[in-house]
Trainee: 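Pasting in a structure now, in structure tokens, and then I'll have a few things to ask.
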Amino acid sequence: MSGNATTWTYDVGDGVLKNRALSTKLLMEAAKKFHFVQFTQKVEGFGKKQGQTVTLSSIQDLAVPTNNGLLNESTRIPVDKLVLGTNSITLVEWGRAVEFTNLMEDLIFFDMQKTAQKALVKQMKNCMDNAAAAAFKTAKVIYIPTSLTGGTWDTDGTPSTTALSNLNTTHLGVVRDYMANNLHVPPYDGQNWIGCLSTKAMRGIRDDRLRNIEAFMLYLRKGDSVFAGEQGRIEGIRLVEVMQSGALTDGVGSGSVLGEALFFGDESVARAEALYPELRVEGNFKGDFARRKAVAWYGIVAYGPYWTTANDGEAKIVRVASA
């Protein structure tokens with residue numbers, strides 16, 4: 001220090017921690033828990049050495065006959081045909097790594113290997129959640145709020161109208177009724193549908209004074225689990241807040257008025273695994289006599305919707321978005 005001028009030396013200037021009086025705990029941003037992966041359904045019986053592509057098969061609900069199946073004594077039992085729908089998803093590799101030197105590990109107070117693992121686990125969770133969200137967002141049925149009480153429907157997977165309002169509880173009722181009466185989407189847990197909302201969309205629900213969000217203890221029974229990010233329930237929809245822009249955009253439409261959201265029921269998105277992402281350590285990275293080390297996460301997995309149409313009985317997802 002000279003006169004009134006002070007010169008600072010930064011502890012982290014070139015990637016090496018120099019301060020020897022750091023806290024005993026290296027604080028890192030808490031890893032976000034899965035929001036979308038928790039709602040994907042694993043393809044049973046599929047794994048390693050079973051090919052790269054898996055075919056998802058689903059059977060459409062049988063139509064209810066006009067006479068509700070009433071038979072006459074002399075009438076043969078009518079025969080319905082099962083309608084089989086298929087979609088295929090292809091397994092792909094995922095992974096990232098971080099590198100550090102033996103010198104860093106020897107001189108730095110922290111355990112670099114554990115620190116790298118913690119950072120990679122967080123990155124892995126975010127990447128997998130974004131990939132799962134992308135599968136949900138392939139939905140053909142899209143709802144676009146254009147006023148405080150209504151909106152426009154698109155059924156080709158591309159929003160063609162600009163949103164003029166944020167999501168509110170009235171819109172939730174519209175979406176809920178469309179899933180129940182038009183698409184006949186089965187509830188996710190047998191009683192409730194799921195809504196994954198960006199923070200802005202969730203703010204629209206919280207600020208709507210027409211109806212309060214129902215608390216967990218009013219609809220969960222003993223032994224039921226609370227989903228990661230779950231905020232409560234409205235209109236038979238369990239609301240999950242997603243605080244990650246890579247999964248849901250927090251501001252679309254006119255003046256970024258709308259936050260993206262996804263609503264769905266059972267059998268929405270499948271998850272095929274040959275190797276679900278795991279951590280791997282390379283103690284002699286680049287073959288430099290163990291002077292360089294690396295930690296990576298790596299997996300072989302794919303996400304995809306069971307149905308890719310907007311048809312009644314097939315579409316299981318409604319996306320709230322904007323042109």
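Atoms considered below: every heavy atom in the structure, side chains included; atoms not considered: hydrogens, waters and symmetry mates.
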Trainee: Counting only heavy atoms not in Arg96, do more than 12 sit closer than 6.0 Å to its CZ atom?
Mentor: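 Incorrect, the count does not exceed 12.
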Trainee: Would you indicate whether Asn212, at its atom CG, is surrounded by more than 12 heavy atoms from other residues, nucleotides or ligands within a distance under 6.0 Å?
Mentor: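 Check fails, neighbour count at 12 or below.
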Trainee: Considering only NZ, NE, NH1 and NH2 on the basic side and carboxylate oxygens on the acidic side, decide whether Arg280 and Glu282 come within less than 4.0 Å.
Mentor: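 No.
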Trainee: Taking side chain as C-beta onward, heavy atoms only, is Gln244 less than 4.5 Å from Leu248?
Mentor: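 Answer no - side chains too far apart.
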Trainee: Quick one: closest heavy-atom pair of Asn130 and Ala247, and the distance?
Mentor: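 Minimum heavy-atom contact is OD1-N, 3.3 Å.
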Trainee: Looking only at the side chains, is there a donor atom on one of Tyr298 and Glu93 sitting less than 3.5 Å from an acceptor on the other?
Mentor: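 A pair is found: one side chain offers a donor N or O, the other an acceptor, under 3.5 Å apart.
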Trainee: Do Leu197 and Glu241 come close enough that some side-chain heavy atom pair is under 4.5 Å?
Mentor: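 Leu197 vs Glu241: side chains apart.
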Trainee: Name the orientation class of the two ring planes belonging to Tyr188 and Phe39 (parallel below 30°, tilted from 30 to 60°, perpendicular beyond 60°).
Mentor: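 Aromatic pair Tyr188/Phe39 classed perpendicular.
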Trainee: Sub-3.5 Å donor-acceptor pair from the side chain of Ser147 to the main-chain atoms of Gly150, do we have one?
Mentor: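 Answer holds: yes.
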Trainee: Can you check whether Gly251's main-chain N or O pairs, donor with acceptor, with Thr249's side chain at less than 3.5 Å?
Mentor: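 Checking the backbone N and O of Gly251 against the side chain of Thr249, no donor-acceptor pair under 3.5 Å is found.
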Trainee: Kindly say whether Leu210 contributes a backbone atom to a donor-acceptor pair with the side chain of Asp208 at under 3.5 angstrom?
Mentor: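 Here the side-chain-to-backbone pair exists.
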Trainee: With distance as the sole test, does Tyr143 use its side chain to make a donor-acceptor pair with the main-chain N or O of Gly151 at under 3.5 Å?
Mentor: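 Side chain of Tyr143 to backbone of Gly151, a donor-acceptor pair under 3.5 Å: yes, one is there.
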Trainee: Would you call the rings of Trp153 and Tyr178 parallel, tilted or perpendicular, taking 30° and 60° as the class edges?
Mentor: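 Parallel.
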Trainee: Below 4.5 Å, heavy atoms only, C-beta onward: do Leu258 and Lys200 meet side chain to side chain?
Mentor: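 Side-chain contact under 4.5 Å: no.
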Trainee: Do the charged groups of Lys293 and Glu99 touch, with an N to O distance under 4.0 Å?
Mentor: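 No, no charged N to carboxylate O under 4.0 Å.
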Trainee: Between Ile213 and Arg233, what is the shortest heavy-atom contact and its length?
Mentor: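 Closest heavy-atom pair between Ile213 and Arg233: CG2-N, 3.6 Å.
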Trainee: Can you confirm whether Trp94 sits close enough to Val301 that some side-chain heavy atom of one is under 4.5 Å from a side-chain heavy atom of the other?
Mentor: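 A side-chain contact exists here, since the closest heavy-atom pair is under 4.5 Å.
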Trainee: I'd like to know if the side chain of Gln231 reaches the main chain of Gly229, judged simply by a donor and an acceptor atom lying under 3.5 Å from each other, with no hydrogens or angles considered.
Mentor: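 Indeed, once roles are kept as given, a pair shorter than 3.5 Å links the two residues.
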Trainee: Evaluate the side-chain proximity of Ile300 to Val92: yes if any heavy-atom separation is below 4.5 Å, no if none is.
Mentor: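 No. Closest side-chain heavy atoms not under 4.5 Å.
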Trainee: Answer with yes or no whether the hydrophobic clustering places Phe136 together with Trp193; edges join I, L, V, M, F, W, Y residues whose side-chain heavy atoms lie under 4.5 Å apart.
Mentor: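 No: no chain of side-chain contacts under 4.5 Å links Phe136 to Trp193.
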